Amino acid sequence: MQTHMTQNASRIHSNEIAAYVGERVQVQGWVHTLRLLGGVNFLVLRDGRGTVQAVTEDEANLAPLVEPALQPETVITLEGVVVASDQAPGGFELHQPTIEVITPVTEPLPVLISKKEIKASLTNLLDHAVTVNRHPRRQAIFRLAAAAIGAFRAHLNQRGFIEIQTPKIVASATEGGANVFAIDYFGRPAYLAQSPQFYKQIMVGVFESVYEVGPVFRAEPHDTARHINEYVSLDVEFGFIRDHFTVMAVLRDVLTAIFSAMEETCAGELAMLNAHMPVLPDTVPMIDFTAAQALILERHGVDVRGEPDLSPQDERWLGEWASAKYGSDFLFVVGYPMSKRPFYTHPDPERPLYSNSFDLLFGGVELVTGGQRLHRYADYLAALKRADMPVEPFASYLEAFRYGMPPHGGFAIGLERLLMQLLGGTNLRLTTLFPRDMGRLTP
RNA sequence: GGAGGCGUGGUGUAGCGGUUAGCAUAUCGGCCUGUCAAGCCGAAGGUCGCGGGUUCAAAUCCCGUCGUCUCCGCCA
(Lines give C-alpha, C1' and ligand atoms only; values in the text may rest on other atoms or scores of the structure.)
Protein backbone atom coordinates (compact mmCIF):
# COMPACT_ATOMS: atom_id res chain seq x y z
CA MET A 1 0.00 0.00 0.00
CA GLN A 2 1.29 3.40 -0.95
CA THR A 3 0.87 6.00 1.69
CA HIS A 4 3.68 8.38 0.99
CA MET A 5 2.62 11.48 -0.85
CA THR A 6 4.89 13.00 -3.39
CA GLN A 7 6.84 15.63 -1.55
CA ASN A 8 6.61 18.32 -4.16
CA ALA A 9 3.06 17.72 -5.34
CA SER A 10 1.16 20.96 -4.86
CA ARG A 11 -2.54 20.95 -4.48
CA ILE A 12 -4.87 21.76 -7.36
CA HIS A 13 -8.64 22.01 -7.33
CA SER A 14 -11.18 19.67 -8.87
CA ASN A 15 -12.10 22.18 -11.56
CA GLU A 16 -8.50 22.51 -12.75
CA ILE A 17 -7.58 18.96 -13.66
CA ALA A 18 -8.17 19.37 -17.39
CA ALA A 19 -4.97 21.42 -17.54
CA TYR A 20 -2.90 18.55 -16.10
CA VAL A 21 -3.57 15.61 -18.41
CA GLY A 22 -0.80 13.06 -18.07
CA GLU A 23 0.52 14.55 -14.85
CA ARG A 24 0.27 13.25 -11.35
CA VAL A 25 -1.63 15.81 -9.26
CA GLN A 26 -2.85 16.25 -5.74
CA VAL A 27 -6.38 17.24 -4.77
CA GLN A 28 -7.82 17.57 -1.31
CA GLY A 29 -11.40 17.46 -0.19
CA TRP A 30 -14.26 15.35 1.09
CA VAL A 31 -15.18 11.81 0.12
CA HIS A 32 -18.42 12.39 -1.76
CA THR A 33 -19.12 8.82 -2.85
CA LEU A 34 -17.28 5.53 -2.94
CA ARG A 35 -18.47 2.84 -5.35
CA LEU A 36 -16.80 -0.55 -5.14
CA LEU A 37 -17.82 -2.61 -8.15
CA GLY A 38 -15.47 -5.49 -7.63
CA GLY A 39 -13.01 -5.27 -10.47
CA VAL A 40 -13.17 -1.53 -10.72
CA ASN A 41 -13.75 1.09 -8.06
CA PHE A 42 -14.73 4.73 -8.10
CA LEU A 43 -14.08 7.43 -5.57
CA VAL A 44 -15.65 10.84 -6.05
CA LEU A 45 -13.92 13.61 -4.17
CA ARG A 46 -15.61 16.93 -3.57
CA ASP A 47 -13.74 20.12 -2.85
CA GLY A 48 -14.88 23.70 -2.62
CA ARG A 49 -15.14 24.01 -6.35
CA GLY A 50 -16.67 20.81 -7.59
CA THR A 51 -16.04 17.09 -7.79
CA VAL A 52 -13.47 14.81 -9.39
CA GLN A 53 -13.53 11.07 -9.86
CA ALA A 54 -10.68 8.68 -9.17
CA VAL A 55 -10.69 5.16 -10.60
CA THR A 56 -8.74 2.10 -9.66
CA GLU A 57 -8.93 -1.57 -10.46
CA ASP A 58 -6.93 -2.34 -7.35
CA GLU A 59 -9.14 -2.00 -4.28
CA ALA A 60 -6.00 -1.91 -2.13
CA ASN A 61 -5.52 1.67 -3.32
CA LEU A 62 -8.66 2.55 -1.38
CA ALA A 63 -7.68 0.65 1.74
CA PRO A 64 -7.23 3.77 3.91
CA LEU A 65 -10.96 4.37 3.47
CA VAL A 66 -12.31 0.85 3.12
CA GLU A 67 -10.50 -0.99 5.88
CA PRO A 68 -11.61 1.28 8.74
CA ALA A 69 -15.03 1.60 7.05
CA LEU A 70 -14.80 5.36 6.91
CA GLN A 71 -17.94 7.22 5.90
CA PRO A 72 -18.65 9.84 3.27
CA GLU A 73 -17.38 13.32 4.22
CA THR A 74 -14.05 11.93 5.40
CA VAL A 75 -11.45 14.53 4.48
CA ILE A 76 -8.58 13.21 2.38
CA THR A 77 -5.61 14.03 0.24
CA LEU A 78 -5.85 12.26 -3.09
CA GLU A 79 -3.13 11.94 -5.68
CA GLY A 80 -3.50 10.47 -9.12
CA VAL A 81 -2.61 10.76 -12.77
CA VAL A 82 -5.01 12.89 -14.81
CA VAL A 83 -6.51 10.97 -17.72
CA ALA A 84 -8.98 12.23 -20.30
CA SER A 85 -11.81 9.77 -20.71
CA ASP A 86 -15.23 9.87 -22.33
CA GLN A 87 -16.48 7.63 -19.57
CA ALA A 88 -15.49 10.04 -16.83
CA PRO A 89 -17.93 12.59 -15.54
CA GLY A 90 -16.63 15.91 -16.83
CA GLY A 91 -14.30 14.13 -19.23
CA PHE A 92 -11.31 13.72 -16.91
CA GLU A 93 -10.46 11.46 -14.01
CA LEU A 94 -7.58 10.38 -11.80
CA HIS A 95 -5.86 7.01 -12.19
CA GLN A 96 -3.46 5.17 -9.89
CA PRO A 97 -4.81 6.96 -6.83
CA THR A 98 -3.11 7.17 -3.48
CA ILE A 99 -5.09 8.30 -0.48
CA GLU A 100 -4.16 9.82 2.83
CA VAL A 101 -6.86 10.42 5.40
CA ILE A 102 -6.77 13.88 6.95
CA THR A 103 -9.94 13.80 9.03
CA PRO A 104 -11.81 10.50 9.35
CA VAL A 105 -15.59 10.36 9.63
CA THR A 106 -16.92 7.22 11.25
CA GLU A 107 -20.68 7.71 11.33
CA PRO A 108 -23.13 8.19 8.49
CA LEU A 109 -24.68 11.61 8.00
CA PRO A 110 -28.19 12.25 9.30
CA VAL A 111 -29.26 13.49 5.86
CA LEU A 112 -27.52 11.99 2.84
CA ILE A 113 -25.76 14.42 0.57
CA SER A 114 -24.16 11.91 -1.78
CA LYS A 115 -27.36 11.39 -3.79
CA LYS A 116 -28.42 13.51 -6.72
CA GLU A 117 -31.61 14.55 -4.93
CA ILE A 118 -31.78 15.55 -1.30
CA LYS A 119 -34.44 13.40 0.30
CA ALA A 120 -35.33 15.17 3.49
CA SER A 121 -38.28 17.02 4.91
CA LEU A 122 -37.85 20.77 5.12
CA THR A 123 -37.39 20.46 8.87
CA ASN A 124 -34.59 17.95 8.61
CA LEU A 125 -32.96 19.75 5.76
CA LEU A 126 -32.82 22.95 7.80
CA ASP A 127 -31.90 21.23 11.05
CA HIS A 128 -28.88 19.74 9.30
CA ALA A 129 -28.11 22.68 7.02
CA VAL A 130 -24.54 22.56 8.32
CA THR A 131 -23.87 19.44 6.28
CA VAL A 132 -26.77 19.55 3.82
CA ASN A 133 -25.38 22.80 2.40
CA ARG A 134 -22.39 20.77 1.23
CA HIS A 135 -24.60 19.08 -1.34
CA PRO A 136 -23.70 20.26 -4.87
CA ARG A 137 -27.20 21.58 -5.46
CA ARG A 138 -27.22 23.48 -2.20
CA GLN A 139 -23.78 24.86 -3.00
CA ALA A 140 -25.04 25.97 -6.38
CA ILE A 141 -27.77 28.13 -4.83
CA PHE A 142 -25.30 30.03 -2.72
CA ARG A 143 -22.80 30.39 -5.53
CA LEU A 144 -25.62 32.11 -7.39
CA ALA A 145 -26.19 34.31 -4.35
CA ALA A 146 -22.53 35.27 -4.38
CA ALA A 147 -22.69 35.99 -8.11
CA ALA A 148 -25.74 38.20 -7.59
CA ILE A 149 -24.05 40.21 -4.87
CA GLY A 150 -20.87 40.47 -6.90
CA ALA A 151 -22.72 41.75 -9.94
CA PHE A 152 -24.74 44.17 -7.84
CA ARG A 153 -21.52 45.67 -6.50
CA ALA A 154 -19.71 45.67 -9.82
CA HIS A 155 -22.53 47.36 -11.66
CA LEU A 156 -23.06 50.08 -9.08
CA ASN A 157 -19.34 50.69 -8.66
CA GLN A 158 -19.14 51.18 -12.39
CA ARG A 159 -21.87 53.80 -12.13
CA GLY A 160 -19.95 55.68 -9.46
CA PHE A 161 -21.92 54.47 -6.44
CA ILE A 162 -20.08 54.08 -3.14
CA GLU A 163 -20.56 51.03 -0.94
CA ILE A 164 -21.40 51.84 2.66
CA GLN A 165 -21.82 49.93 5.91
CA THR A 166 -24.42 51.33 8.25
CA PRO A 167 -25.08 50.32 11.86
CA LYS A 168 -27.31 47.38 12.59
CA ILE A 169 -27.75 48.42 16.20
CA VAL A 170 -29.95 51.48 16.27
CA ALA A 171 -31.47 53.70 18.90
CA SER A 172 -35.05 54.09 17.81
CA ALA A 173 -37.67 51.92 16.27
CA THR A 174 -37.76 53.91 13.10
CA GLU A 175 -40.15 53.44 10.27
CA GLY A 176 -43.14 51.97 11.96
CA GLY A 177 -44.97 49.08 10.42
CA ALA A 178 -42.48 46.29 10.82
CA ASN A 179 -41.78 45.32 14.39
CA VAL A 180 -38.24 45.51 15.67
CA PHE A 181 -36.13 43.30 17.87
CA ALA A 182 -35.24 45.02 21.11
CA ILE A 183 -31.82 44.42 22.62
CA ASP A 184 -30.08 45.48 25.80
CA TYR A 185 -27.33 47.94 24.89
CA PHE A 186 -25.33 48.38 28.11
CA GLY A 187 -28.52 48.92 30.00
CA ARG A 188 -30.14 51.14 27.43
CA PRO A 189 -32.82 50.02 25.02
CA ALA A 190 -31.70 49.55 21.42
CA TYR A 191 -32.98 47.75 18.36
CA LEU A 192 -31.77 45.67 15.45
CA ALA A 193 -32.11 47.70 12.26
CA GLN A 194 -35.11 46.69 10.18
CA SER A 195 -33.63 48.54 7.21
CA PRO A 196 -30.68 50.82 6.41
CA GLN A 197 -33.24 53.31 5.08
CA PHE A 198 -32.39 56.33 7.22
CA TYR A 199 -28.64 55.91 6.98
CA LYS A 200 -28.58 55.35 3.27
CA GLN A 201 -30.62 58.53 2.79
CA ILE A 202 -28.27 60.40 5.08
CA MET A 203 -25.33 59.11 3.04
CA VAL A 204 -26.83 60.52 -0.14
CA GLY A 205 -25.86 63.81 1.49
CA VAL A 206 -22.27 62.56 1.61
CA PHE A 207 -21.64 60.54 -1.54
CA GLU A 208 -24.75 61.31 -3.58
CA SER A 209 -25.02 57.67 -4.74
CA VAL A 210 -24.65 54.78 -2.32
CA TYR A 211 -25.45 51.12 -1.87
CA GLU A 212 -25.23 48.55 0.86
CA VAL A 213 -25.35 44.78 1.12
CA GLY A 214 -26.33 43.68 4.56
CA PRO A 215 -28.73 41.96 6.90
CA VAL A 216 -32.01 43.45 8.00
CA PHE A 217 -34.11 42.27 10.91
CA ARG A 218 -37.88 42.02 11.04
CA ALA A 219 -39.60 41.01 14.24
CA GLU A 220 -42.92 40.50 12.49
CA PRO A 221 -44.56 37.27 13.66
CA HIS A 222 -45.18 36.11 10.12
CA ASP A 223 -45.01 32.46 9.31
CA THR A 224 -45.14 31.95 5.56
CA ALA A 225 -43.06 30.40 2.80
CA ARG A 226 -41.81 33.83 1.73
CA HIS A 227 -40.92 35.45 5.05
CA ILE A 228 -38.01 35.09 7.41
CA ASN A 229 -36.94 37.35 10.24
CA GLU A 230 -33.43 38.10 9.04
CA TYR A 231 -32.64 38.48 5.37
CA VAL A 232 -30.09 40.04 3.07
CA SER A 233 -31.12 43.37 1.60
CA LEU A 234 -29.46 44.85 -1.49
CA ASP A 235 -30.03 48.54 -0.84
CA VAL A 236 -29.52 51.45 -3.21
CA GLU A 237 -30.10 55.18 -2.72
CA PHE A 238 -29.07 58.13 -4.86
CA GLY A 239 -29.70 61.81 -5.38
CA PHE A 240 -30.54 64.30 -8.11
CA ILE A 241 -33.33 62.22 -9.56
CA ARG A 242 -36.31 63.51 -11.41
CA ASP A 243 -38.77 61.15 -9.75
CA HIS A 244 -39.26 57.44 -9.03
CA PHE A 245 -38.98 56.58 -12.72
CA THR A 246 -35.30 57.54 -12.55
CA VAL A 247 -34.92 55.00 -9.75
CA MET A 248 -36.79 52.30 -11.64
CA ALA A 249 -34.47 52.68 -14.62
CA VAL A 250 -31.44 52.08 -12.42
CA LEU A 251 -33.13 49.09 -10.81
CA ARG A 252 -33.74 47.55 -14.18
CA ASP A 253 -30.07 47.95 -15.12
CA VAL A 254 -28.99 46.44 -11.81
CA LEU A 255 -31.18 43.38 -12.32
CA THR A 256 -29.95 42.98 -15.87
CA ALA A 257 -26.39 43.04 -14.60
CA ILE A 258 -27.19 40.42 -11.98
CA PHE A 259 -28.84 38.01 -14.38
CA SER A 260 -26.15 38.50 -17.02
CA ALA A 261 -23.44 37.73 -14.50
CA MET A 262 -25.23 34.59 -13.40
CA GLU A 263 -25.53 33.42 -16.98
CA GLU A 264 -21.87 34.13 -17.67
CA THR A 265 -20.30 32.74 -14.54
CA CYS A 266 -22.77 30.18 -13.22
CA ALA A 267 -23.87 28.12 -16.22
CA GLY A 268 -23.09 24.89 -14.39
CA GLU A 269 -25.01 25.93 -11.30
CA LEU A 270 -28.02 27.03 -13.33
CA ALA A 271 -28.04 23.76 -15.23
CA MET A 272 -27.73 21.72 -12.05
CA LEU A 273 -30.69 23.59 -10.56
CA ASN A 274 -32.66 23.37 -13.78
CA ALA A 275 -33.04 27.15 -13.74
CA HIS A 276 -33.90 29.35 -16.66
CA MET A 277 -33.16 33.02 -16.93
CA PRO A 278 -36.29 35.09 -16.45
CA VAL A 279 -37.53 37.48 -19.10
CA LEU A 280 -36.59 41.02 -18.12
CA PRO A 281 -37.62 43.28 -21.02
CA ASP A 282 -35.71 46.45 -21.84
CA THR A 283 -38.88 48.26 -20.91
CA VAL A 284 -40.36 46.47 -17.94
CA PRO A 285 -44.16 46.57 -18.05
CA MET A 286 -45.72 48.93 -15.57
CA ILE A 287 -49.17 49.40 -14.15
CA ASP A 288 -50.60 52.00 -11.84
CA PHE A 289 -51.90 50.81 -8.50
CA THR A 290 -55.50 51.87 -9.11
CA ALA A 291 -55.41 50.48 -12.65
CA ALA A 292 -54.13 47.20 -11.21
CA GLN A 293 -57.10 46.99 -8.89
CA ALA A 294 -59.49 47.74 -11.75
CA LEU A 295 -57.79 45.04 -13.82
CA ILE A 296 -58.28 42.49 -11.04
CA LEU A 297 -61.98 43.31 -10.92
CA GLU A 298 -62.23 42.99 -14.68
CA ARG A 299 -60.24 39.76 -15.01
CA HIS A 300 -61.12 37.95 -11.82
CA GLY A 301 -64.34 39.54 -10.64
CA VAL A 302 -62.87 40.41 -7.27
CA ASP A 303 -63.37 43.98 -6.18
CA VAL A 304 -60.28 45.11 -4.26
CA ARG A 305 -60.74 48.78 -5.16
CA GLY A 306 -60.40 50.89 -2.06
CA GLU A 307 -57.96 48.47 -0.44
CA PRO A 308 -54.81 50.40 0.46
CA ASP A 309 -52.48 47.60 -0.67
CA LEU A 310 -52.29 44.57 -2.91
CA SER A 311 -52.69 41.13 -1.38
CA PRO A 312 -50.39 38.23 -2.27
CA GLN A 313 -53.24 36.85 -4.37
CA ASP A 314 -53.56 40.19 -6.19
CA GLU A 315 -49.84 40.14 -6.88
CA ARG A 316 -49.98 36.63 -8.28
CA TRP A 317 -52.81 37.67 -10.60
CA LEU A 318 -50.88 40.71 -11.76
CA GLY A 319 -47.82 38.58 -12.36
CA GLU A 320 -49.83 36.21 -14.53
CA TRP A 321 -51.24 39.14 -16.44
CA ALA A 322 -47.80 40.63 -17.13
CA SER A 323 -46.58 37.27 -18.31
CA ALA A 324 -49.57 36.68 -20.58
CA LYS A 325 -49.78 40.17 -22.02
CA TYR A 326 -46.13 41.21 -22.20
CA GLY A 327 -44.24 37.94 -21.86
CA SER A 328 -42.44 39.51 -18.92
CA ASP A 329 -41.56 37.86 -15.63
CA PHE A 330 -41.40 41.32 -14.06
CA LEU A 331 -43.99 43.99 -13.48
CA PHE A 332 -43.70 47.41 -11.91
CA VAL A 333 -46.63 48.56 -9.85
CA VAL A 334 -46.45 52.30 -9.26
CA GLY A 335 -48.45 54.89 -7.39
CA TYR A 336 -49.32 53.14 -4.15
CA PRO A 337 -51.53 55.12 -1.78
CA MET A 338 -49.61 57.35 0.60
CA SER A 339 -51.57 55.89 3.51
CA LYS A 340 -49.75 52.56 3.29
CA ARG A 341 -46.27 53.90 2.66
CA PRO A 342 -43.78 55.13 5.26
CA PHE A 343 -43.73 58.81 6.21
CA TYR A 344 -40.62 59.66 4.14
CA THR A 345 -42.38 58.64 0.91
CA HIS A 346 -42.70 61.38 -1.70
CA PRO A 347 -46.26 62.00 -2.90
CA ASP A 348 -47.23 62.20 -6.53
CA PRO A 349 -47.34 65.99 -7.14
CA GLU A 350 -50.41 65.51 -9.34
CA ARG A 351 -52.27 63.26 -6.91
CA PRO A 352 -51.18 63.89 -3.32
CA LEU A 353 -53.01 60.84 -1.96
CA TYR A 354 -50.83 58.59 -4.11
CA SER A 355 -47.08 58.20 -3.95
CA ASN A 356 -44.05 58.27 -6.20
CA SER A 357 -43.27 54.74 -5.10
CA PHE A 358 -43.16 51.36 -6.73
CA ASP A 359 -42.97 47.66 -6.13
CA LEU A 360 -41.36 45.30 -8.58
CA LEU A 361 -43.07 41.93 -8.85
CA PHE A 362 -41.03 38.95 -10.00
CA GLY A 363 -43.20 35.99 -10.89
CA GLY A 364 -46.05 37.56 -8.94
CA VAL A 365 -44.03 38.01 -5.76
CA GLU A 366 -42.84 41.29 -4.34
CA LEU A 367 -39.10 41.43 -5.00
CA VAL A 368 -38.25 45.11 -4.67
CA THR A 369 -39.79 48.12 -3.01
CA GLY A 370 -38.61 51.61 -3.81
CA GLY A 371 -39.49 55.12 -4.67
CA GLN A 372 -38.76 58.77 -4.36
CA ARG A 373 -38.30 60.16 -0.83
CA LEU A 374 -39.13 63.53 0.60
CA HIS A 375 -36.10 65.82 0.54
CA ARG A 376 -37.26 69.11 2.11
CA TYR A 377 -36.96 69.56 5.84
CA ALA A 378 -40.37 71.21 6.12
CA ASP A 379 -41.97 68.29 4.32
CA TYR A 380 -40.50 65.90 6.89
CA LEU A 381 -41.82 67.93 9.80
CA ALA A 382 -45.25 67.94 8.18
CA ALA A 383 -45.12 64.22 7.37
CA LEU A 384 -44.18 63.28 10.92
CA LYS A 385 -46.94 65.44 12.28
CA ARG A 386 -49.45 63.88 9.89
CA ALA A 387 -48.32 60.43 10.99
CA ASP A 388 -48.61 61.51 14.61
CA MET A 389 -44.94 60.67 15.19
CA PRO A 390 -42.59 62.64 17.46
CA VAL A 391 -39.74 64.63 15.95
CA GLU A 392 -37.20 64.17 18.72
CA PRO A 393 -36.15 60.54 18.01
CA PHE A 394 -35.47 61.49 14.40
CA ALA A 395 -33.28 64.50 15.17
CA SER A 396 -30.10 63.05 13.59
CA TYR A 397 -31.98 61.85 10.54
CA LEU A 398 -33.66 65.22 10.10
CA GLU A 399 -30.33 67.02 10.33
CA ALA A 400 -29.57 65.73 6.87
CA PHE A 401 -32.66 67.42 5.44
CA ARG A 402 -32.32 70.54 7.50
CA TYR A 403 -28.99 71.20 5.85
CA GLY A 404 -29.64 70.40 2.25
CA MET A 405 -30.68 67.21 0.48
CA PRO A 406 -31.38 66.83 -3.22
CA PRO A 407 -34.39 65.00 -4.63
CA HIS A 408 -33.48 61.37 -4.13
CA GLY A 409 -34.78 57.86 -4.02
CA GLY A 410 -33.78 54.24 -3.95
CA PHE A 411 -34.85 50.66 -3.54
CA ALA A 412 -34.15 47.44 -1.72
CA ILE A 413 -33.96 44.00 -3.31
CA GLY A 414 -34.56 40.93 -1.18
CA LEU A 415 -31.69 38.62 -2.09
CA GLU A 416 -33.30 35.37 -0.94
CA ARG A 417 -36.51 36.19 -2.76
CA LEU A 418 -34.60 36.88 -5.93
CA LEU A 419 -33.10 33.41 -5.70
CA MET A 420 -36.37 31.76 -4.70
CA GLN A 421 -38.19 33.18 -7.70
CA LEU A 422 -35.31 32.55 -10.07
CA LEU A 423 -35.15 28.91 -9.03
CA GLY A 424 -38.88 28.36 -8.86
CA GLY A 425 -38.54 27.63 -5.18
CA THR A 426 -41.43 26.93 -2.90
CA ASN A 427 -39.97 28.22 0.32
CA LEU A 428 -37.73 31.18 1.04
CA ARG A 429 -35.88 29.13 3.64
CA LEU A 430 -34.46 26.97 0.88
CA THR A 431 -32.59 29.90 -0.65
CA THR A 432 -31.29 31.07 2.73
CA LEU A 433 -28.05 29.63 4.11
CA PHE A 434 -29.17 29.46 7.73
CA PRO A 435 -32.68 30.85 7.94
CA ARG A 436 -34.04 32.64 10.98
CA ASP A 437 -37.75 32.32 11.40
CA MET A 438 -40.18 32.34 14.28
CA GLY A 439 -39.30 28.82 15.27
CA ARG A 440 -35.68 28.59 14.19
CA LEU A 441 -32.62 30.10 15.80
CA THR A 442 -30.16 27.30 14.92
CA PRO A 443 -28.14 26.29 13.06
C1' G B 1 -51.92 36.50 15.20
C1' G B 2 -56.21 33.34 12.40
C1' A B 3 -57.44 28.51 9.48
C1' G B 4 -56.16 23.66 7.85
C1' G B 5 -52.78 19.32 7.26
C1' C B 6 -49.02 16.02 9.06
C1' G B 7 -45.97 13.40 13.06
C1' U B 8 -44.30 5.32 11.65
C1' G B 9 -36.39 2.30 11.94
C1' G B 10 -30.78 7.42 10.60
C1' U B 11 -33.54 9.50 6.20
C1' G B 12 -38.02 9.37 2.77
C1' U B 13 -42.52 6.82 3.03
C1' A B 14 -46.92 2.55 2.89
C1' G B 15 -50.47 0.85 6.22
C1' C B 16 -55.88 4.13 8.69
C1' G B 17 -59.56 -1.11 14.11
C1' G B 18 -57.10 -7.60 14.38
C1' U B 19 -50.39 -7.36 9.59
C1' U B 20 -44.46 -11.38 12.59
C1' A B 21 -45.78 -2.87 11.17
C1' G B 22 -44.49 -3.23 4.45
C1' C B 23 -41.17 -0.55 0.87
C1' A B 24 -36.93 2.53 -0.58
C1' U B 25 -32.37 4.45 0.87
C1' A B 26 -28.42 4.66 4.36
C1' U B 27 -25.49 1.10 7.77
C1' C B 28 -22.94 -3.96 8.35
C1' G B 29 -21.42 -8.83 5.72
C1' G B 30 -20.90 -11.41 0.87
C1' C B 31 -20.71 -11.07 -4.59
C1' C B 32 -19.75 -7.95 -8.75
C1' U B 33 -14.30 -4.94 -14.37
C1' G B 34 -16.85 1.71 -15.99
C1' U B 35 -19.91 3.32 -11.89
C1' C B 36 -21.84 8.31 -12.20
C1' A B 37 -29.31 8.10 -7.62
C1' A B 38 -24.55 1.46 -9.60
C1' G B 39 -26.56 -3.67 -9.23
C1' C B 40 -27.52 -8.63 -6.86
C1' C B 41 -27.85 -11.76 -2.13
C1' G B 42 -28.15 -11.58 3.17
C1' A B 43 -28.25 -9.17 8.19
C1' A B 44 -29.17 -5.69 11.80
C1' G B 45 -32.18 -1.44 12.90
C1' G B 46 -39.07 0.74 14.97
C1' U B 47 -41.98 0.80 22.74
C1' C B 48 -45.75 3.90 15.06
C1' G B 49 -44.23 12.24 18.90
C1' C B 50 -46.10 12.29 24.11
C1' G B 51 -50.36 11.71 27.78
C1' G B 52 -55.24 10.18 28.57
C1' G B 53 -59.79 7.77 26.71
C1' U B 54 -63.20 4.31 23.64
C1' U B 55 -62.84 -1.04 22.41
C1' C B 56 -62.24 -8.05 23.50
C1' A B 57 -58.41 -5.57 20.35
C1' A B 58 -55.48 1.13 18.68
C1' A B 59 -49.96 3.02 14.40
C1' U B 60 -55.20 3.13 12.90
C1' C B 61 -61.04 6.08 16.36
C1' C B 62 -61.79 10.37 20.21
C1' C B 63 -59.70 14.30 23.54
C1' G B 64 -55.50 16.94 25.19
C1' U B 65 -50.48 18.30 24.53
C1' C B 66 -45.88 19.17 22.01
C1' G B 67 -43.47 19.55 17.36
C1' U B 68 -43.79 20.61 12.29
C1' C B 69 -45.63 22.13 7.40
C1' U B 70 -49.11 24.83 4.22
C1' C B 71 -52.54 28.94 3.42
C1' C B 72 -54.15 33.92 5.05
C1' G B 73 -52.83 38.72 7.38
C1' C B 74 -48.05 41.79 7.13
C1' C B 75 -43.68 42.69 4.39
C1' A B 76 -38.39 42.17 0.86
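In this text, all values refer to a predicted model and were calculated from it rather than measured experimentally. Lettering of chains follows the sequences in order, A, B, ..., and the numbering in each one begins at 1.
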Pick base, sugar-phosphate or nothing for [X], based on heavy-atom distances below 4.0 Å to the nucleic acid.
{"X": "S114(A)", "result": "nothing"}
{"X": "L234(A)", "result": "nothing"}
{"X": "Q71(A)", "result": "sugar-phosphate"}
{"X": "P89(A)", "result": "base"}
{"X": "S121(A)", "result": "sugar-phosphate"}
{"X": "I228(A)", "result": "base"}
{"X": "R316(A)", "result": "sugar-phosphate"}
{"X": "N427(A)", "result": "sugar-phosphate"}
{"X": "E117(A)", "result": "nothing"}
{"X": "N41(A)", "result": "nothing"}
{"X": "V44(A)", "result": "nothing"}
{"X": "L418(A)", "result": "nothing"}

> Is the F394(A) to Y344(A) ring centre distance short of 6.0 Å?
Replying inline: no

Under 3.5 Å, is there an N or O donor on one side and an acceptor on the other linking the side chain of [X] and the base of [N]?
{"X": "E93(A)", "N": "G34(B)", "value": "yes"}
{"X": "R429(A)", "N": "C69(B)", "value": "no"}
{"X": "Q53(A)", "N": "U35(B)", "value": "yes"}

Angle between ring planes, [X] versus [Y], binned at 30° and 60°: parallel, tilted or perpendicular?
{"X": "F411(A)", "Y": "F358(A)", "result": "tilted"}
{"X": "Y336(A)", "Y": "F289(A)", "result": "tilted"}
{"X": "H408(A)", "Y": "H375(A)", "result": "perpendicular"}
{"X": "Y397(A)", "Y": "F198(A)", "result": "parallel"}

Nearest-Å distance for atom pair [atom1]/[atom2], residues [X] and [N]:
{"X": "F42(A)", "N": "U35(B)", "atom1": "CZ", "atom2": "P", "result": "7 Å"}
{"X": "L125(A)", "N": "U68(B)", "atom1": "CG", "atom2": "C1'", "result": "14 Å"}
{"X": "F152(A)", "N": "A76(B)", "atom1": "CZ", "atom2": "C1'", "result": "13 Å"}

> Toward the 5' end of RNA chain B, which comes first, G38(A) or T123(A), by nearest nucleotide?
Replying inline: G38(A)

>> Closest-nucleotide mapping onto RNA chain B: is N229(A) or L37(A) further toward the 5' terminus? I mean the 5' end.
In response: L37(A)

>> Could you identify the nucleotide paired to C48(B), looking across every strand shown and requiring Watson-Crick or G-U wobble geometry with both distances under 3.5 Å?
In response: none

>> Pairing check on G67(B): which nucleotide meets the Watson-Crick or G-U wobble criteria with it, both distances under 3.5 Å?
In response: C6(B)

Hey, does the side chain of [X] come within less than 4.0 Å of [N]'s phosphate (OP1/OP2), counting only N and O?
{"X": "K115(A)", "N": "A26(B)", "answer": "yes"}
{"X": "S233(A)", "N": "A76(B)", "answer": "no"}
{"X": "Q197(A)", "N": "A76(B)", "answer": "no"}

>> Could you check whether any side-chain N or O of Q293(A) sits under 3.5 Å from a backbone N or O of V304(A), counting only pairs where one atom can act as donor and the other as acceptor?
In response: yes

